[in-house]
Amino acid sequence: MGKYWLRGVNELHHKYDVSAHAEMNAIREAQEKLQTRDLSGSVMYCSGEPCSMCLTAMFFVGIEKGYYASSIEETAGVGLTDSAMLYEDLKKPREERQVRLVHIALDDDAENPMEQWRQNQKS
């Protein structure tokens with residue numbers, strides 16, 4: 001894949017996009033530049049410990065290692081509390097979390113979206 005140094009800057013306050021964290025922007029740039037969804041072998045360097053969204057994105061693209069300067073606890077100490085609160089919320093049972101997700105049962109005659117996805121992958 002070669003060696004690339006890509007940089008992402010936190011732009012969520014400038015773009016009104018809550019997903020525009022530096023890590024997310026770096027991943028987007030890397031995927032576009034390399035034309036791949038697989039960033040296995042890449043390493044992420046962050047000023048702060050990645051939030052759960054960025055950590056999940058790192059997981060999904062195959063980044064197995066990251067370095068950060070400030071922990072979630074340290075960033076919470078300067079008023080950036082969202083990540084700490086979310087990590088705590090994810091420890092709770094689904095029904096006690098701040099965002100309530102409700103599983104809906106499909107009717108017997110409804111098409112299963114996961115089966116549709118599987119069929120689309122075959123074609």
Side-chain angles (χ1 to χ4, degrees):
M1 179 175 353
K3 191 176 217 179
Y4 294 92
W5 292 94
L6 301 170
R7 182 177 177 200
V9 177
N10 189 331
E11 298 178 334
L12 71 113
H13 300 295
H14 301 291
K15 292 189 171 188
Y16 305 101
D17 177 355
V18 298
S19 71
H21 291 197
E23 298 90 342
M24 299 295 288
N25 289 337
I27 288 169
R28 286 182 185 116
E29 183 180 341
Q31 288 182 308
E32 185 175 339
K33 184 174 190 102
L34 301 173
Q35 292 293 291
T36 183
R37 290 183 287 181
D38 183 6
L39 298 178
S40 297
S42 299
V43 177
M44 180 74 72
Y45 293 86
C46 312
S47 55
E49 185 175 355
C51 72
S52 57
M53 173 183 63
C54 294
L55 183 61
T56 300
M58 291 167 64
F59 175 86
F60 283 154
V61 299
I63 296 174
E64 297 174 11
K65 192 166 195 174
Y67 297 90
Y68 60 89
S70 298
S71 70
I72 294 269
E73 295 78 17
E74 290 169 322
T75 59
V78 297
L80 301 171
T81 59
D82 292 347
S83 292
M85 291 183 336
L86 183 53
Y87 274 115
E88 287 302 313
D89 200 51
L90 288 171
K91 293 177 186 177
K92 298 175 184 175
R94 284 187 185 111
E95 61 276 0
E96 294 177 19
R97 293 181 191 157
Q98 185 172 339
V99 175
R100 304 254 169 20
L101 299 176
V102 180
H103 180 251
I104 55 173
L106 298 174
D107 292 335
D108 290 337
D109 59 341
E111 290 192 54
N112 184 316
M114 294 300 110
E115 185 56 37
Q116 289 176 334
W117 182 85
R118 183 188 347 255
Q119 293 301 321
N120 287 337
Q121 298 306 303
K122 293 178 183 178
S123 46

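Numbering of residues begins at 1 and proceeds along the displayed sequence. Only a predicted model underlies this, so the values are computations on that prediction, with no experimental measurement involved.
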**Request:** Could you please spell out the steps behind the side-chain hydrogen bond (donor to acceptor under 3.5 Å, both in side chains) verdict for D38 and T36?
**Result:** CA-CA 5 Å; D38 183 6; T36 183; 5.5 Å; no
**Prompt:** What distance do E73 atom CD and S83 atom OG have between them, rounded to the nearest 0.5 Å?
**Reply:** 10.5 Å
**Request:** Could you tell me whether E96 atom CD has more than 12 heavy atoms of other residues or ligands within 6.0 Å of it?
**Result:** yes
**Cluster link M24 to M44, ILVMFWY, side chain under 4.5 Å** = no
**Flag side-chain contact, heavy atom, 4.5 Å: E29 against N25** = no
**Asked** Is any side-chain heavy atom of R28 less than 4.5 Å from a side-chain heavy atom of S19?
**Response** yes
**CG on L90 to CD on Q98, rounded to 0.5 Å** = 10.5 Å
**Item:** R94, CZ: over 12 other non-hydrogen atoms inside 6.0 angstrom
**Value:** no
**Item:** R118 side chain near K122 side chain, heavy-atom distance below 4.5 Å
**Value:** yes
**Item:** From E115, Q116, Q121, residue fulfilling side-chain hydrogen bond (donor to acceptor under 3.5 Å, both in side chains) relative to Q119
**Value:** E115
**Asked** How far does CG of N10 sit from NZ of K15, to the nearest 0.5 angstrom?
**Response** 11.0 Å
**Message:** Using a 3.5 Å distance criterion without hydrogens, assess whether the side chain of R100 forms a donor-acceptor pair with backbone atoms of E95.
**Reply:** yes
**Item:** side chain to side chain contact (heavy atoms under 4.5 Å, CB included) evaluation trace for E88 with K91
**Value:** CA-CA 5 Å; E88 287 302 313; K91 293 177 186 177; 2.9 Å; yes
**Within-4.5 Å side-chain heavy-atom neighbours: L86 and C51** = no
**Request:** Answer yes or no: is there a side-chain heavy-atom contact under 4.5 Å between Y68 and T75?
**Result:** no
**Prompt:** Has K92 got more than 12 heavy atoms of other residues, nucleotides or ligands less than 6.0 Å from its NZ?
**Reply:** yes
**Nearest heavy-atom neighbours spanning S42 and I63** = O-CG2, 3.6 Å
**Prompt:** Looking at CZ of F60 and CG of L55, how far apart are the two atoms once the value is rounded to the nearest 0.5 Å?
**Reply:** 10.5 Å
**Item:** Test item: V99 and D89 side chains (from C-beta on) under 4.5 Å apart, heavy atoms
**Value:** no
**Asked** Crowded around E74 CD? As in, over 12 foreign heavy atoms under 6.0 Å?
**Response** yes
**Asked** Would a 4.5 Å heavy-atom cut-off, applied to side chains only, mark Q35 and E32 as touching?
**Response** yes
**Item:** Considering all heavy atoms, the nearest M58-P50 contact
**Value:** SD-CG, 4.0 Å
**Asked** What is the minimum heavy-atom distance between M53 and V18, and which atoms define it?
**Response** CE-O, 3.6 Å
**Message:** Please check: side-chain N/O of N112 versus main-chain N/O of M114, any donor-acceptor pairing under 3.5 Å?
**Reply:** yes
